[in-house]
Each structure stands twice: as structure tokens, then as C-alpha cells.
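Every chain is numbered from 1, with letters handed out A, B, ... down the list of sequences.
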Amino acid sequence: MKNIVRSVKGTRDFYPDEMARRSWLVEKLKTASEAFGYQRYEGPCLETIDLYAAKSGEELVKEQAFVFEDRGGDPITLRPELTPTLTRMVASKENELAFPLRWWAFGPFWRYERPQKGRTREFYQWNIDLIGSDSVQADAELLAVAANFFKLVGLKSDMVQILVNDRRLMDRKLTDIGIRNEMKPELLKLIDRIDKQPADVWEKNVAALGLDMGQIGAIKALLANGDLWQESVELSKIFEYVEALGIREYVQYSPKIIRGLDYYTGLVFEAHEVKGDFRAILGGGHYANLVADVGGQPLPGVGFAMGDVVIMLVLEAYGLLPADLSYPGTVFVTVFDEELLVESIKLARHLRENGFNVILAEPDKLARQFKLADRLGVKFALVLGPDELANGTVMVKDLRTFEQHSVSRNELGSIINH
RNA sequence: GUGCCUGUAGCUCAAUGGCAGAGUGCUUCACUGUGGAUGAAGAUGUUGAGGGUUCGAGCCCCUCCAGGCACCCCA
């Protein structure tokens with residue numbers, strides 16, 4: 001490899017093909033969000049570190065945020081997540097906004113982590129929140145947004161599943177087992193990663209918190225109980241509502257879903273590819289009082305975030321990424337020779353004035369011009385040679401089917417209009 | 001931040017410590033009004049970077065860089 005200055009570790013270059021895929025993804029997110037009445041918003045990528053001091057996972061900010069000083073010496077953070085920004089935006093205009101709010105966003109985030117498959121240091125994230133409602137209906141709606149997005153991009157319920165749980169239910173069950181409140185946060189973290197640690201290591205870690213063998217056994221029984229949701233009024237309603245929303249087959253109960261972020265207080269959920277070859281596609285939950293922490297009136301809500309990296313890997317694995325994104329609807333106008341260049345310029349102009357995107361070639365062997373058109377991935381190539389000029393026609397070649405027809409200028413628009 | 005694996009042509013990968021290769025793609029021509037195929041010819045490169053051992057390093061050793069797996073965390 002030549003001696004080219006490197007890009008920053010964990011960042012990605014988006015060449016036109018990749019950029020087209022990202023734009024395609026954003027279109028799908030927009031469609032899925034707007035179908036439920038969500039409006040797009042955006043915040044700054046730079047924030048003060050104070051914004052994150054109040055909440056988030058402490059580790060997320062202390063260990064994983066990019067923090068640096070600006071030229072005035074003030075500490076600046078590249079946002080590692082959007083929720084605190086959203087919280088501030090809502091709190092500052094709490095009295096003028098129409099609640100419940102339905103907002104979505106898509107933008108870049110940064111976390112200083114070791115890059116792996118599905119995890120980069122600079123990534124894009126879809127955030128969607130419903131703020132100002134404490135209802136189970138609102139929780140179910142967010143599950144429906146996620147599931148309908150999956151449907152929209154062709155991911156069936158045998159490819160992805162949304163696993164749900166409720167922190168209130170888990171809290172109750174832990175109390176029943178005799179777990180003291182001070183012990184619960186640590187224990188919940190361990191429950192969250194029970195499948196990541198060998199069984200004996202996990203038990204050792206739980207025992208280290210001060211649990212006896214009986215309690216450990218009770219927790220293991222709890223985590224193996226797929227019907228536990230029936231003891232939760234809220235989860236029972238969730239399953240009733242997702243049935244009515246037509247997405248029941250996407251939603252599944254799992255007592256092991258806890259989520260790392262501290263501000264979740266009720267429903268928590270994660271979407272996974274079913275074969276387990278990927279990290280979580282999206283994750284979210286219900287929070288009781290996000291806005292109060294930054295000085296507003298307490299406002300409950302529910303939301304989730306989806307990174308661009310994992311979802312694109314999953315879509316690629318299932319062959320669901322569209323192939324012909326490079327030049328949809330762009331027309332390639334060849335130039336027969338230097339003498340006819342002006343005629344081709346006029347033809348290209350005429351087409352642009354009629355709403356077409358047009359690439360005008362430069363005089364060269366026609367074979368070379370066609371080869372370029374082929375590599376660019378355009379659908380139509382036009383030839384305007386002496387014969388066509390003499391009888392007022394244009395040769396239109398469909399590069400996909402290899403068919404070509406001589407058509408009049410008047411017919412041209414309708415021929416290439418699809 | 002911890003442990004392990006990997007890095008060779010644009011891409012996918014070969015090469016016992018002994019002359020750096022194949023497939024594919026690319027360029028040119030056969031084809032002076034046409035990109036699919038075929039045939040012919042051609043170029044692929046500081047073997048991720050730097051140092052060390054050796055008569056000799058793609059291969060062994062060290063450092064660094066990158067991305068992959070697990071941990072951690074999480075999108």
C-alpha cells in the first residue's frame with residue numbers, strides 16, 4: 001500500500017456506492033418514522049461534558065466519550081448518544097411543545113471503543129422517541145415502529161426478533177427472592193450478561209454480591225421462565241396491543257433483557273438477528289422522568305436507538321440491500337465525434353430541461369464511452385450520430401437488456417422515463 | 001483498556017528460511033457506429049510500517065499501525 005495518510009481508527013469512508021446505501025437506509029427510516037407521525041429533528045454533534053454528567057451510563061461518558069478542550073480551554077464532548085441532547089431540547093421548550101412528542105433523528109455519534117464487526121468509533125444512529133406519555137400503548141407503538149421498519153426493508157420475523165422485558169417486573173421478582181434494593185443494580189448487570197460468562201464464573205460473581213445458593217437457584221429459575229411476563233400487567237397489555245398492531249410474531253419475551261443504560265424504568269427491549277451472528281440491531285425502553293434531571297418538569301417517554309452498522313450487515317447477509325443504487329434514472333449521452341459535440345451538448349441540455357439527470361461523455365471511441373456507461377451503472381445510453389442527426393432521431397440503448405431503438409426526439413422522454 | 005488471531009496485486013487467495021505467483025478484475029488490440037462472450041498481448045506489488053536475527057526473511061524475533069474474535073461496553 002502506498003504511503004497515504006491514514007483515516008482515524010474506527011471511522012469509515014463512504015464512497016458513492018456506500019453513501020447511496022446509507023441514503024437508502026435513511027429513506028426507509030423516514031418512511032417508517034413518518035408512518036406513525038414522527039417528526040425529524042437534530043441536535044449538535046458537540047456538547048458540553050456537563051450534559052452527560054447527570055445521567056447516561058457513567059462508563060459511556062467517562063470511558064468511551066471523545067472529550068477534548070476547545071481553544072478556550074473548555075471541555076467539549078463529541079456526543080456518544082442523543083438522549084441527553086433530546087432531553088435538553090425538550091426541557092428548554094417544555095411549555096411550547098405539543099405533547100406527546102413524536103420525534104426521530106439520524107446522525108453521527110462517537111465512542112472511543114475497540115472496533116469490531118458491527119462496532120466502529122464513528123457511527124450513525126437512528127433515534128426515535130415518544131415523549132410525554134406513560135402509557136403501555138406508547139410502549140407498544142415504539143415496538144410497532146421497529147417491527148414495521150423491519151417489514152419495510154424485508155426482514156421477516158424468522159430473521160429478526162424483538163426481545164422485551166420490564167424492569168418493574170424484574171425488580172418485584174428480585175424483592176420476592178429477598179434481594180435488597182442496594183444489591184439490585186449490580187445484580188441486574190450480571191443478569192444482563194448471563195449468556196456471556198461461563199456458568200460457574202457467573203455463579204461466582206453473583207455469590208460475590210452476597211447471595212446464597214437458594215437465591216442463586218431462584219434467579220436461575222426466574223431467567224429460564226419464558227412465561228414470567230404473564231405476571232406483569234404491563235407486559236400482558238403489550239402482547240395484547242402488538243397483536244392488534246399486527247406485529248405479534250416479531251415480539252418475544254425474555255427475562256434476560258435488562259439494558260445497560262440507567263434511565264430505563266419500565267419496558268426494555270432489544271432486537272436481534274435470530275441466528276445470533278450479530279450484535280443487537282437496536283435497543284431501547286421506557287423512562288419515567290428524563291427531563292427532570294436537567295431542570296424541567298418530569299416527563300416520561302419511550303424510545304430506542306438503532307446503529308447503522310449492524311443493520312446494514314444484517315441486511316447484506318440476507319441479500320436485502322438494493323443493488324442498483326448508483327445511478328437510478330440517470331441518462332448517459334455519448335458524443336459521436338468532435339463535430340457533433342455541440343449537438344450532444346444540446347441534446348443533454350434538452351433532457352435536463354425536461355427533468356432528467358444527464359451525464360455527457362467526451363468525444364472518444366464509442367466502445368469506450370459505452371464501457372464507461374456500463375461501469376457507472378446507468379440504464380440508458382444515447383447515441384446521436386450523423387444518421388440520427390439527418391432524420392431527427394436519437395438511438396436509445398437499454399444497457400440492461402442490450403436492446404436499442406431509433407426514436408424521434410418527441411418519443412425520447414417517454415422511452416427513458418422508467 | 002485486557003487477552004488471542006490476522007495483514008501478500010484493485011478483489012479473493014497461494015508460495016518448506018532460497019528467483020514473489022494463480023484466479024478474477026484492469027489496460028490495449030482483433031472490432032473506423034456500441035459495454036455481455038471469445039482470442040491475443042500487457043501492467044500489476046517497497047509482501048501493512050519500521051527495526052532485528054541470518055550468507056539469505058512474505059515466512060523467525062521486537063515495536064508500531066490496522067481489523068477480526070472474546071472480555072468490557074453498547075448502536
With a 4.5 Å limit on heavy-atom distance, are the side chains of L299(A) and Y287(A) in contact?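 Sidechains of Y287(A) and L299(A): no contact.
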
Is there side-chain contact between S157(A) and Q161(A), with heavy atoms separated by less than 4.5 Å?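 Counting from C-beta outward, S157(A) and Q161(A) do come under 4.5 Å.
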
Could you let me know what [N] is paired to, Watson-Crick or G-U wobble, both distances under 3.5 Å, or none if it's on its own?
N: G58(B); result: none
N: A14(B); result: none
N: A37(B); result: none
N: G42(B); result: C26(B)
N: G1(B); result: C71(B)

Could you walk me through whether K397(A) and V383(A) pass the side chain to side chain contact (heavy atoms under 4.5 Å, CB included) test, one step at a time? CA-CA 8 Å; K397(A) 182 163 188 177; V383(A) 179; over 6 Å; no

Taking the [atom1] atom of each, how far is [N] from [M], in whole Å?
N: U24(B); M: C55(B); atom1: C1'; value: 39 Å
N: G52(B); M: A15(B); atom1: C1'; value: 24 Å
N: G25(B); M: G10(B); atom1: P; value: 16 Å
N: U6(B); M: C31(B); atom1: C1'; value: 46 Å
N: G67(B); M: C26(B); atom1: C1'; value: 27 Å
N: A14(B); M: G23(B); atom1: C1'; value: 10 Å
N: G50(B); M: C65(B); atom1: C1'; value: 10 Å
N: G45(B); M: A40(B); atom1: C1'; value: 25 Å

Within less than 4.0 Å of OP1 or OP2 of [N], is there a side-chain N or O belonging to [X]?
X: K117(A); N: C69(B); result: yes
X: R279(A); N: C73(B); result: no
X: Q197(A); N: C71(B); result: no

D134(A): partners by salt bridge (Lys or Arg N to Asp or Glu O under 4.0 Å), with sequence neighbours left out: none

What residues, two or more places apart in sequence or in another chain, satisfy ring pair (Phe, Tyr, Trp, His ring centres under 6.0 Å) together with F106(A)? Y124(A)

When only distance counts, do a donor and an acceptor, one from the side chain of R114(A) and one from the base of C69(B), lie under 3.5 Å apart? no

What about R119(A): does its side chain form a donor-acceptor pair under 3.5 Å with the base of A75(B)? no

Here's a test of your reading of the structure: between V8(A) and I281(A), which maps to the more 5' nucleotide of RNA chain B?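 It is V8(A), whose closest nucleotide lies nearer the 5' terminus.
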
Could you go through nucleotides 32-36 of chain B and list every protein N or O atom that sits under 3.5 Å from one of its N or O atoms, giving the distance for each pair?
| from | atom 1 | to | atom 2 | distance (Å) |
| --- | --- | --- | --- | --- |
| G33(B) | O6 | D387(A) | N | 3.1 |
| G33(B) | O6 | D387(A) | OD1 | 3.3 |
| G33(B) | O6 | D387(A) | OD2 | 2.6 |
| G33(B) | N1 | E388(A) | OE1 | 2.8 |
| G33(B) | N1 | E388(A) | OE2 | 3.0 |
| G33(B) | N2 | E388(A) | OE2 | 2.8 |
| U34(B) | O2 | K397(A) | NZ | 2.9 |
| U34(B) | O2 | Q404(A) | OE1 | 3.4 |
| U34(B) | N3 | Q404(A) | OE1 | 2.6 |
| U34(B) | O4 | Q404(A) | OE1 | 3.4 |
| U34(B) | O4 | Q404(A) | NE2 | 3.3 |
| G35(B) | O2' | D374(A) | OD2 | 3.1 |
| G35(B) | N7 | K397(A) | NZ | 3.0 |
| G35(B) | O6 | K397(A) | NZ | 3.3 |
| G35(B) | N1 | L399(A) | O | 2.6 |
| G35(B) | N2 | D374(A) | OD1 | 2.7 |
| G35(B) | N2 | L399(A) | O | 2.6 |
| G35(B) | N3 | D374(A) | OD1 | 3.3 |

Flag the pair F149(A) / W126(A) as yes when their ring centroid distance falls below 6.0 Å, and as no otherwise. yes

With N127(A), the side-chain contact (heavy atoms from CB on, under 4.5 Å) member among W103(A), F304(A), F109(A):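 Running side-chain contact (heavy atoms from CB on, under 4.5 Å) over W103(A), F304(A), F109(A) with N127(A) returns exactly one hit, F109(A).
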
Checking L282(A), N165(A), I257(A) against E270(A) for side-chain contact (heavy atoms from CB on, under 4.5 Å), the one that qualifies is I257(A)

Under 4.0 angstrom, heavy atoms only, what part of the nucleic acid is T120(A) near: base, sugar-phosphate, or nothing?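 Base, at least one base heavy atom under 4.0 Å.
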
